[in-house]
Amino acid sequence: MKRVLITGAAGNLGKVVRVKLKGWVEVLRLSDNAELEPQNAAEEIQCCDLADAEAVMRLVEGCDGIIHLGGVSTENSFDNILNANIIGTYNLYEAARKHGVRRILFASSNHTIGFHQREDMLDADSTMRPDSLYGVSKCYGEMLASLYYDKFAIETARVRIGSCFDKPLDRRMLATWLSADDFVSLIKRVFECDRLGCPVIYGVSANSERWWDNSKVNFLGWQPKDSSDVFKTAAYLQPRASDANDPAVRYQGGGFAGAGHFED
Ligand code: NAI
Ligand code: 15L
């Protein structure tokens, strides 16, 4: 691949991924609705709002693949989610179709399945149980990707990212943590494998606490190398008295499952 587009490049994951993917392809085209500056000659900046269909059509032109990280990334007002995640993702897939892009990585989220209990081991075929309007918007993105695969043969990795931070921020993340290096190795597998299809992939490191089974995507040959286990004894992650029926403790989505609507 010559040119790969990264949306949401000014965000937390975008900032890390652009650096780790330096030299991977000839050109990284970076986009966001926040400001961006090129860091080297192989980066191209083209900022726009994902809700602007014409701008997104121009953004995608000339790209061979897309890493779609852009959008609202936590619970928010329905209007904001509608513009960025619903309309924005549609605009991106339409532009991909019109410009002949064959492969996309869609940053979905564990909040598509956040209302499953923590005792349940899920896999790619588990029922969606979104825990927020944000989670619903990611379910929509996954379904849109499925439509564009079945109808137009555009392949998408629907990556249900767990918690991609430097380290687990709380006890829940001992199960949901994804290291940046493991995310980047997944990105590379997704774009380098001969055949992708439209799989659901749980974006999670090799943590010994697990709620998600990735065996249905063994064909990818992706093997996460990091594990949250090295953080287990950290003082800030030690058990504290908690109510086992608190939705934030009971459900996989944690606080997202426990919270009301953003605007209430
Ligand atoms: P982030 O919020 O830091 O980055 C998202 C970026 O999208 C921001 O820079 C924002 O300016 C941009 N954006 C928002 N609305 C936009 C619009 N209408 N047009 C253009 N750009 C817009 O989020 P983060 O953590 O970097 O996550 C990246 C993606 O991965 C998001 O889609 C998020 O939902 C998903 N994800 C991230 C997880 C994590 O642990 N970081 C976990 C699960 C999913
Ligand atoms: C997400 O989907 C969010 O984008 C991220 O900020 C975290 O909250 C993550 O899920 C999580 O569940 O830890």
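In listed order, ligands and their atoms are each counted from 1.
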Donor-acceptor pair, side chain of Thr176 and main chain of Gly162, under 3.5 angstrom: no
Side-chain donor or acceptor of Ser31 paired with backbone N/O of Gln46 under 3.5 Å: yes
4.5 Å side-chain heavy-atom contact, Leu122 and Tyr202: yes
Enumerated ligand 1 atoms positioned under 4.0 Å from heavy atoms of Asp49: 17 (C), 18 (N), 19 (N)
Nitrogen or oxygen atoms of Gly8 and ligand 1 under 3.5 Å apart: no
Which of the ligand 2 atoms, numbered from 1, are nearer than 4.0 Å to a heavy atom of Ser109: 1 (C), 2 (O)
Part of Ala9 within contact of ligand 1 (heavy atoms, under 4.0 Å): neither
Closest protein heavy atom (residue, atom, distance) for atom 4 (O) of ligand 2: Ser73 O, 2.5 Å
Heavy atom of Lys138, distance to ligand 1 below 4.0 Å: yes
Nearest candidate to atom 42 (C) of ligand 1, where distance is taken over non-hydrogen atoms, out of Gly162, Ser109, Ser31: Gly162
Thr74 vs Phe262 side-chain heavy atoms within contact, under 4.5 Å: no
N/O donor-acceptor pair under 3.5 Å between Arg158 side chain and Cys139 backbone: no
Closest protein heavy atom (residue, atom, distance) for atom 34 (O) of ligand 1: Tyr134 OH, 2.6 Å
Plane angle bin for Trp177 and Phe231 - parallel if under 30°, tilted between 30 and 60°, otherwise perpendicular: perpendicular
Contact check, Asn110 vs ligand 2, heavy-atom distance below 4.0 Å: yes
Heavy-atom pair of closest approach, residues Ser205 and Pro224: CA-CB, 3.8 Å
Protein heavy-atom partner closest to atom 22 (C) of ligand 1 - residue, atom, separation in Å: Asn33 OD1, 3.3 Å
Residue portion contacting ligand 2 (non-hydrogen atoms closer than 4.0 Å) for Arg172: side chain
Side chain to side chain contact (heavy atoms under 4.5 Å, CB included) between Lys138 and Arg160, worked out: CA-CA 9 Å; Lys138 293 294 186 181; Arg160 291 181 180 164; over 6 Å; no
Whether Asn33 side chain and Asp49 backbone form a donor-acceptor pair below 3.5 Å: no
Atom 37 (C) of ligand 1 - nearest protein heavy atom and its distance: Leu13 CD1, 3.9 Å
Sub-4.0 Å atoms of ligand 1 with respect to non-hydrogen atoms of Ala84: 15 (N), 18 (N)
Side-chain heavy atoms of Val249 within contact of Arg171, under 4.5 Å: no
Close approach of Gly162 to ligand 2, heavy atoms, under 4.0 angstrom: yes
Test of proximity, Thr74 against ligand 2: N or O pairs below 3.5 Å: no
Phe256 neighbourhood, listing ligand 2 atoms whose heavy-atom distance to it stays under 4.0 Å: 8 (O)
Test item: Leu36 and Arg18 side chains (from C-beta on) under 4.5 Å apart, heavy atoms: yes
Closest protein heavy atom (residue, atom, distance) for atom 38 (C) of ligand 1: Ile161 CG2, 3.8 Å
Contact (N/O only, under 3.5 Å) between Thr176 and ligand 2: no
Non-hydrogen side-chain atoms of Cys48 and Asp52 separated by less than 4.5 Å: no
Minimum non-hydrogen distance to atom 44 (C) of ligand 1, winning option of Ser73, Ser137, Gly71, Ser108: Ser108
Tyr140 side-chain N/O to Ile86 backbone N/O, donor-acceptor pair under 3.5 Å: yes
Nearest non-hydrogen protein atom, atom 10 (O) of ligand 2: His111 NE2, 3.1 Å
Residue-ligand contact Asn83/ligand 1, heavy atom below 4.0 Å: no
Contacting atoms of ligand 2, where contact means under 4.0 angstrom from a heavy atom of Tyr134: 1 (C), 2 (O), 3 (C), 4 (O)
Short N-O contact, Arg97 and Glu94, less than 4.0 angstrom: yes
Atom 9 (O) of ligand 1: nearest protein contact (heavy atom, Å): Asp32 OD2, 2.7 Å
For atom 19 (N) of ligand 1, the protein heavy atom that lies nearest, with its residue and separation: Leu50 N, 2.9 Å
Protein residue, atom and distance nearest to atom 11 (C) of ligand 2, heavy-atom basis: Ser163 OG, 3.3 Å
Atom indices of ligand 2, in the order listed, that fall short of 4.0 Å to a heavy atom of Met173: 13 (O)
Identity and separation of the nearest protein heavy atom to atom 28 (C) of ligand 1: Leu69 O, 3.4 Å
Numbered atoms and elements of ligand 1 in range of Gly70, under 4.0 angstrom, heavy atoms: 7 (O)
Flag side-chain contact, heavy atom, 4.5 Å: Trp24 against Glu192: yes
Glu75 side chain to Ser132 backbone, donor-acceptor under 3.5 Å: no
Ligand 2 contact by Lys138, heavy-atom criterion under 4.0 angstrom: no
Donor-acceptor pair, side chain of Glu155 and main chain of Gly197, under 3.5 angstrom: yes
Among Ala180, Ala107, Cys164, Gly11, closest by any non-hydrogen atom to atom 39 (C) of ligand 1: Cys164
Side-chain donor/acceptor of Gln252 to backbone N/O of His111, under 3.5 Å: no
Close approach of Ser163 to ligand 1, heavy atoms, under 4.0 angstrom: yes
Nearest non-hydrogen protein atom, atom 3 (O) of ligand 1: Asn12 N, 2.9 Å
